[in-house]
Amino acid sequence: MSTVNLVYFSWVRERIGKGEEALDLPADVVTIADLLAHLKTLGEEYESALEHESVIRAAINQEHVGHGEPIAGAREIALFPPMTGG
Amino acid sequence: MSTVNLVYFSWVRERIGKGEEALDLPADVVTIADLLAHLKTLGEEYESALEHESVIRAAINQEHVGHGEPIAGAREIALFPPMTGG
Amino acid sequence: MTASVTVRVQREDFDLAAEVAALCHGRSDIGAVVTFSGLCRDEAGALAALELEHYPGMAETEISRICREAVTRFGLQAATAIHRFGRIAPGENIVLVIAASPHRQAAFDGANFVMDFLKTSAPFWKKEHHADGSVGEWLSAKDADDAARDRWSRER
Amino acid sequence: MTASVTVRVQREDFDLAAEVAALCHGRSDIGAVVTFSGLCRDEAGALAALELEHYPGMAETEISRICREAVTRFGLQAATAIHRFGRIAPGENIVLVIAASPHRQAAFDGANFVMDFLKTSAPFWKKEHHADGSVGEWLSAKDADDAARDRWSRER
C-alpha cells in the first residue's frame, strides 16, 4: 500500500463531492488507468464522475500524463475534464 | 494640353528637387507610362529620379494605379518609391 | 539579452498598458509587440458571469512552459501571460498574452501559439452562471481548439 | 452592431490602453482583442531616429480601406489603426493596429492582415538618421513584405 494525494477539478470534483483526498492504493494499481478502475469500485459518486474514462485527463505531480503512465513515485495525482481556459 | 498636379515622395521627391508642381501635359500623354517618359525629357533631375521606371509607383487622385492606367480626369498624380511604412 | 518570461495567475484584473510598459522597459531593440486579450462575452445577455476554476501551481507551471516554448520557437525577446480565476463578468478580462520580437510575424505567431496551447493545456475550467440566476453547465472543450493547437505541429 | 473603424495618421504618440478602451467601450460582446505595436529599433545603437514621410490624405484613405477589408473578411467587431509620421526615436511607437472579434483567431488574423497590407500599400517612407549624425538612406521595400501580403490571396 502506498498513500497518494488525489485532487479533482471541475465536474469531476463536483460529482465525487470533494476537491482532494489522501488514498491508500493497493499494490496492483500501477498506472493511471488502474487508478481510474480502482476509484470506480469505491462508490457511485466515483462511478458517475469517471464513467467516460476516455475524457478524463490526468496529471502526476502537476504534469500532464496519459492513462498508461505509471504512478510510482507520485506525490499528487490530479483528475479533471478537458480544459477550457483562455 | 491639360494641367495636372504632380506630387512626389521620398527619394523621387529628393531627386526631382521639389515635392509638387502643376504641369501642362501634351495630348499624347495618355497613361502613367507616357507621363514617366514625358517627365524624363524635362531634365536630368527627372531622369535621375525616374531612371528605374519599373520601381516607380503611381497614384491617381490618391489611389494606387499601374503604369498602364489612363490619366484622363486626374486632378492629382503621385509618384513615389515602394512604400516602407508599418 | 536573455528573453524574459512573466507569468501570473490571479483573481484581480490586469492592466494591459502597464504589462506592455514593463515588458518593453529600458530596451529599444524591440520592433513588434503583439497583445492578446481574452474577454468574457455576455452571450447576447444570457450570461451573468463565468466562474473560472484552476489548478494552483500547475496552472503557473504549464503556462510558463508554453511561454518558454514560444520564446525558443519564435525567437521572442519577451513574453507575458496572465490568466485570471474566480468570478468574471461580461466585458471583463480573462487572459492576457504579450509577445515581443524584433519583427512582426514572430510576435504574431508567438502570441497565437501561446493562446492555442494555453486553451488546451493550461488547467482552467469555465462554468456558466446564467442571467436568470441559475447555474449552468461547465463549458465543454472544443474540437476546434485541439485543431488550432495541432496546426503548430503540422507547420514545421 | 456595425463594426467601427478608427484610423488616424498623426505626429504625436498614441496610448495603447486608451485606444483599446475606446474600442471596447460600452460593449460586452467582444471576446478577443489583438493589438500590434510597431516600434523603432535602435539597430544595436547605430540608429539615432527614423524619419517617416507620408502622403497626407491618401495615407488615411488607404489604411481605412485596408481596415474595412479586414472587418469584412474576418468578421471583426472593430478595428483601429494609427500610424505616426515625422521623426521617431528608438524605442518609440510607429504604428498601432487593434482588431476585435468574438473569437480569437479572427482577431489575430485581422490584425496580421492589416499590418501586412499596411506595410506594402500605405504611402509611408522611412529614412534613417545615424547615431553618428549622418543622414542615411531611405529604407528599401522588402520582398519578404510582398510575400507576407501575398499569402492572404493564397489562403482563400
Side-chain angles (χ1 to χ4, degrees), chain B residues 3-23 31-33 35-36 39 44-86, chain D residues 7 9 36-41 50-67 81-86 88 93-97 111-128 135-146 148-149:
Chain B
T3 302
V4 67
N5 292 311
L6 292 170
V7 291
Y8 311 120
F9 294 99
S10 182
W11 51 254
V12 173
R13 171 180 57 73
E14 287 184 341
R15 289 183 195 173
I16 291 177
K18 59 185 107 175
E20 56 188 313
E21 60 185 326
L23 273 192
T31 65
I32 293 291
L35 172 65
L36 294 174
L39 288 172
E44 277 183 9
E45 64 276 29
Y46 292 94
E47 276 182 67
S48 159
L50 308 175
E51 181 184 2
H52 302 291
E53 282 188 29
S54 65
V55 307
I56 302 295
R57 307 296 176 90
I60 294 181
N61 300 341
Q62 307 200 344
E63 278 190 33
H64 291 294
V65 296
H67 287 195
E69 189 75 11
I71 64 173
R75 299 178 306 277
E76 181 172 288
I77 299 177
L79 300 176
F80 43 78
M83 290 144 285
T84 56
Chain D
V7 171
V9 175
F36 175 89
S37 303
L39 294 88
C40 178
R41 280 178 289 127
L50 285 176
E51 181 185 330
L52 269 105
E53 181 170 334
H54 77 296
Y55 185 173
M58 182 171 170
E60 291 85 343
T61 304
E62 194 64 20
I63 296 174
S64 298
R65 187 187 61 71
I66 295 166
C67 286
I82 302 174
H83 205 304
R84 295 180 64 195
F85 62 86
I88 295 178
N93 290 309
I94 298 174
V95 62
L96 173 67
V97 170
N112 206 337
F113 175 96
V114 168
M115 276 308 301
D116 282 347
F117 279 83
L118 192 152
K119 276 260 172 193
T120 52
S121 301
F124 290 84
W125 300 271
K126 291 194 188 102
K127 189 177 200 170
E128 293 185 319
V135 176
E137 293 298 301
W138 291 94
L139 295 183
S140 295
K142 291 188 216 128
D143 290 343
D145 288 331
D146 288 340
R149 175 200 61 202

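Reminder, nothing fancy here: chain letters follow the sequence lines and each chain counts from 1.
- With hydrogens and angles disregarded, a donor-acceptor distance shorter than 3.5 Å links the side chain of B:Thr84 to the backbone of D:Lys126.
- At a threshold of 4.5 Å between non-hydrogen side-chain atoms, the residues B:Phe9 and D:Pro123 do not count as touching.
- For the atom pair D:Glu62 CD and B:Gln62 CD, the distance stands at 10.0 Å (nearest 0.5 Å).
- Using a 4.5 Å heavy-atom cutoff, the side chains of D:Glu53 and B:Arg13 are in contact.
- Remark: the backbone N or O of B:Gly85 is not paired with any side-chain donor or acceptor of D:His83 at under 3.5 angstrom.
- D:Ser121 touches chain B through backbone and side chain together, each having a heavy atom under 4.5 Å away.
- Applying the 6.0 Å contact sphere to CD of B:Glu20 captures no more than 12 heavy atoms from other residues, nucleotides or ligands.
- D:Lys127 places a side-chain heavy atom less than 4.5 Å from the side chain of B:Glu14.
- Note on ring orientation: taking the six-membered ring where Trp is involved, the planes of B:Phe80 and D:Tyr55 are perpendicular (angle over 60°, cut-offs 30° and 60°).
- Put simply, the side chain of D:Lys119 never gets that close to the backbone of B:Met83: no donor and acceptor are under 3.5 Å apart.
- Proximity to chain D is limited to the side chain of B:Val7, based on heavy atoms less than 4.5 angstrom apart.
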For this session: Just do the side chain to side chain donor-acceptor pair (under 3.5 Å) check on B:Trp11 and D:Glu137 with the steps written out, would you?
Result: CA-CA 9 Å; B:Trp11 51 254; D:Glu137 293 298 301; over 6 Å; no

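- Other residues, nucleotides and ligands contribute over 12 non-hydrogen atoms within 6.0 Å of the CD atom of B:Glu47.
- The OG atom of B:Ser10 sits 14.0 Å away from the NE2 atom of D:His54 when rounded to the nearest 0.5 Å.
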